[in-house]
Amino acid sequence: MTKFSDAIGGYFPLELPRLQAHFYPNLALFSSARGAFYALVVSGKPDAVWVPRYICDAMLSPLETLQIPVKYYSLDSQLMPDSEVVPAENEWVLWGNYFGLCDVQEQKMLTRFNPRQLILDHSQAFYSPPGDCLATLYSPRKFFGVPDGGLLATSLPVDVPQTDPLVSLTRSAHLLRRLAENAESGFAAYQQAEETFTQAPSAMSQLTETLLKTIDYQQCRKARNENFQFLHQHLGRFNEAAFDNVTADGALCYPFLNRTSGLRQFLTNERIYTPSYWHDAGCRVRPSGIESDFIHHLIPLPVDQRYGIAAMEFIVEKVADFLNPSAGG
């Protein structure tokens with residue numbers, strides 16, 4: 001007898017594009033990257049993990065809970081680990097592909113360290129493929145409008161506990177309010193949704209899994225690349241960050257490093273909202289290091305698929321006017 005997995009008829013769900021395959025169809029699906037990391041640590045049981053000082057506290061909590069020793073390291077000007085990082089046999093090295101702009105450095109990481117001891121954090125590098133190493137982590141909700149989600153590529157056996165199928169509904173209010181009203185009206189709901197994520201591993205919600213199958217990933221990548229290059233073409237002369245814009249492919253943002261005081265608040269007043277990465281790391285980094293510069297002076301300008309060149313022109317105009325007001329007459 002023919003069987004069908006879903007009900008037929010009745011009321012309509014939210015109208016979505018035709019379902020496709022996941023961008024990474026063979027990865028383990030978690031509700032968050034930190035939950036995936038927790039499951040990985042439980043499975044692998046490292047003696048210690050080398051962790052960059054410039055990282056969000058959320059990635060440290062699984063190690064603290066599981067009482068895994070943390071060995072911090074600093075980054076050099078190329079965002080590579082300093083020379084003191086020498087992992088012992090059962091120690092791991094966690095390193096992030098910052099802003100999705102460090103693919104060249106990533107290849108160097110894979111040759112510098114034993115790949116079986118290396119974890120690549122691609123939370124900011126969705127479009128960079130998994131490395132041939134111990135594990136690669138992803139956080140698709142940093143790139144797309146979904147209520148949760150974390151991906152894990154690894155050969156280690158990991159447990160993916162089931163999750164409450166309704167929890168994603170409590171994390172969706174900001175997504176809908178931004179559509180129904182505006183960005184400001186949903187910000188409190190966004191903050192509340194962020195507070196619901198814990199280190200405990202759980203499966204990706206069915207809602208997120210469905211939404212991720214509706215995304216035109218190549219169009220999103222194309223838009224990000226065009227927006228990134230436009231900003232770099234017009235703002236590169238003001239930018240102190242030494243990223244290789246030629247190899248930028250689906251970057252998280254345009255990382256704009258400039259020491260002019262007040263720019264972030266000025267952009268906020270113009271309704272150009274930019275995140276801060278990561279003030280909670282300020283107590284760990286060296287005052288004179290590149291990490292400190294990023295914490296205090298880097299402004300991640302939006303380049304994502306919601307916007308086209310008109311929005312980028314607006315950003316360029318506002319940044320240039322603030323940095324060089326005399327040029328505007």
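On a predicted model such as this, the values are computed, not experimentally measured, just so you know.
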Audit row: L298, F99, side chain to side chain contact (heavy atoms under 4.5 Å, CB included) steps and yes/no: CA-CA 12 Å; L298 187 134; F99 315 113; 4.0 Å; yes
Verdict with supporting geometry, L19 and T210, side chain to side chain contact (heavy atoms under 4.5 Å, CB included): CA-CA 7 Å; L19 298 185; T210 300; 3.8 Å; yes
Ring pair (Phe, Tyr, Trp, His ring centres under 6.0 Å) evaluation trace for Y98 with Y277: CA-CA 10 Å; Y98 293 99; Y277 305 126; 9.5 Å; no
D132 and R116: CA distance, side-chain angles, deciding distance, salt bridge (charged side-chain N to carboxylate O under 4.0 Å, His left out) verdict: CA-CA 8 Å; D132 184 12; R116 297 301 102 194; 3.1 Å; yes
Steps toward side chain to side chain contact (heavy atoms under 4.5 Å, CB included) verdict (V42, D159): CA-CA 9 Å; V42 168; D159 184 31; over 6 Å; no
Stepwise side chain to side chain donor-acceptor pair (under 3.5 Å) check, Y273 with E184: CA-CA 10 Å; Y273 300 120; E184 293 81 3; 2.4 Å; yes
Worked verdict on F126 versus F23 for ring pair (Phe, Tyr, Trp, His ring centres under 6.0 Å): CA-CA 10 Å; F126 180 83; F23 192 75; 5.4 Å; yes
Verdict with reasoning, F143 to Y138, per ring pair (Phe, Tyr, Trp, His ring centres under 6.0 Å): CA-CA 10 Å; F143 283 77; Y138 293 89; 9.0 Å; no
Verdict with reasoning, Y38 to T198, per side chain to side chain contact (heavy atoms under 4.5 Å, CB included): CA-CA 10 Å; Y38 189 107; T198 67; over 6 Å; no
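Taking both residues in full, the closest heavy atoms of I215 and C220 are given as CG2-SG, 3.9 Å, listed atom of the first, atom of the second, then distance. The heavy-atom pair separating L63 from V41 by the smallest distance is CD2-CG2, 3.9 Å. Nearest heavy-atom pair, G250 versus N225, reported as atom, atom and distance to 0.1 Å: N-OD1, 2.6 Å. Across all their heavy atoms, A28 and V158 have their closest contact at CB-CG2, 4.5 Å. Nearest heavy atom pair, residue L40 against residue A135, reads CD2-CB, 3.6 Å. In terms of heavy-atom proximity, L27 sits nearest to A153 at CG-CB, 3.8 Å.
Salt bridge absent: D103 and K108 never bring a charged side-chain N and a carboxylate O closer than 4.0 Å. Salt-bridge annotation for R284 and E291: absent, with no side-chain N of the basic residue lying under 4.0 Å from a carboxylate O of the acidic one. Note on D82 versus R53: no salt bridge recorded, every NZ/NE/NH1/NH2 to OD/OE distance being 4.0 Å or above.
Residues S205 and S31 form no side-chain contact, since every pair of their non-hydrogen atoms from C-beta on lies 4.5 Å or further apart. Between L79 and F243 the shortest side-chain heavy-atom distance falls below 4.5 Å. Looking at R264 and S276, their side chains come closer than 4.5 Å, going by heavy atoms from C-beta outward. With contacts defined as side-chain heavy-atom distances shorter than 4.5 Å, the pair F294/V285 does not qualify. A heavy-atom distance below 4.5 Å is not found between the side chains of I299 and V319. Contact of the I315 side chain with the L231 side chain is registered, since non-hydrogen atoms from C-beta on lie closer than 4.5 Å. Side-chain contact between Q206 and P165 is absent, with no heavy-atom pair separated by less than 4.5 Å. Residues V70 and V49 have side chains not in contact (no heavy-atom distance under 4.5 Å, counting atoms from C-beta outward).
Y54 contributes atom OH, which lies 10.0 Å from atom CG of D293 (distance to the nearest 0.5 angstrom). From Q124, atom CD reaches atom CG of L101 across 9.0 Å, with rounding to the nearest 0.5 Å. Interatomic distance, OG1 of T136 versus CG of L151, reported as 10.5 Å (0.5 Å rounding). Rounded to the nearest 0.5 angstrom, E226 CD and Q229 CD are separated by 10.0 Å. Note that NE2 of H297 is 10.0 Å distant from OG1 of T260, once rounded to the nearest 0.5 Å. Here the SG-CG distance, from C133 to L120, works out to 4.0 Å after rounding to the nearest 0.5 Å.
W92 and L110 are not part of a single hydrophobic cluster, where members link through side-chain heavy atoms under 4.5 Å apart. L252 and V303 fall within a single hydrophobic cluster, where Ile, Leu, Val, Met, Phe, Trp and Tyr side chains are chained together by heavy-atom contacts under 4.5 Å. Hydrophobic clustering (side-chain heavy atoms under 4.5 Å, transitive across Ile, Leu, Val, Met, Phe, Trp, Tyr) groups L60 together with L152. Under a hydrophobic-cluster definition in which Ile, Leu, Val, Met, Phe, Trp and Tyr are linked whenever side-chain heavy atoms come within less than 4.5 Å, directly or via other members, W95 and L156 are assigned to different clusters. I272 and L323 fall within a single hydrophobic cluster, where Ile, Leu, Val, Met, Phe, Trp and Tyr side chains are chained together by heavy-atom contacts under 4.5 Å.
D148 and S168 are not linked by any side-chain donor-acceptor pair at a separation below 3.5 angstrom, with hydrogens and angles left out of the test. N269 and Q265 are linked by a side-chain donor-acceptor pair at a separation below 3.5 angstrom, with hydrogens and angles left out of the test. A donor-acceptor contact closer than 3.5 angstrom is absent between the side chains of R34 and S61. A donor atom on one side chain and an acceptor atom on the other are not found under 3.5 Å apart for S128 and E106.
Put simply, the side chain of R112 never gets that close to the backbone of M80: no donor and acceptor are under 3.5 Å apart. A donor-acceptor distance shorter than 3.5 angstrom exists from the side chain of R237 to the backbone of H234, with no hydrogens or angles considered. No donor-acceptor distance shorter than 3.5 angstrom exists from the side chain of R224 to the backbone of D249, with no hydrogens or angles considered. Looking only at distances, no side-chain donor or acceptor of R178 sits under 3.5 Å from a matching main-chain atom of F187. Although no hydrogens or angles enter the test, the distance criterion places no donor-acceptor pair under 3.5 Å between the side chain of N90 and the main chain of P46. With S292 contributing its side chain and S288 its backbone, the two residues share no donor-acceptor pair below 3.5 Å. With hydrogens and angles disregarded, no donor-acceptor distance shorter than 3.5 Å links the side chain of E91 to the backbone of A48. Between the side chain of D121 and the main chain of G96, no donor-acceptor pair closer than 3.5 Å is present. With hydrogens and angles disregarded, no donor-acceptor distance shorter than 3.5 Å links the side chain of S32 to the backbone of G150. Side-chain atoms of Q117 come within 3.5 Å of backbone atoms of A88 as a donor-acceptor pair (strictly under, hydrogens ignored).
Annotation for Y190: atom OH does not count as buried by contact number, only 12 or fewer foreign heavy atoms lying within 6.0 Å. The number of heavy atoms from other shown groups lying within 6.0 Å of CD (Q219) is above 12. More than 12 heavy atoms of other residues, nucleotides or ligands sit less than 6.0 Å from atom CD of E181.
Taking the six-membered ring where tryptophan is involved, the planes of F228 and Y254 are perpendicular, since the angle between them exceeds 60° and thus also 30°.
Under the 6.0 Å distance and 45° angle rule, R141 counts as a cation-pi partner of F197.
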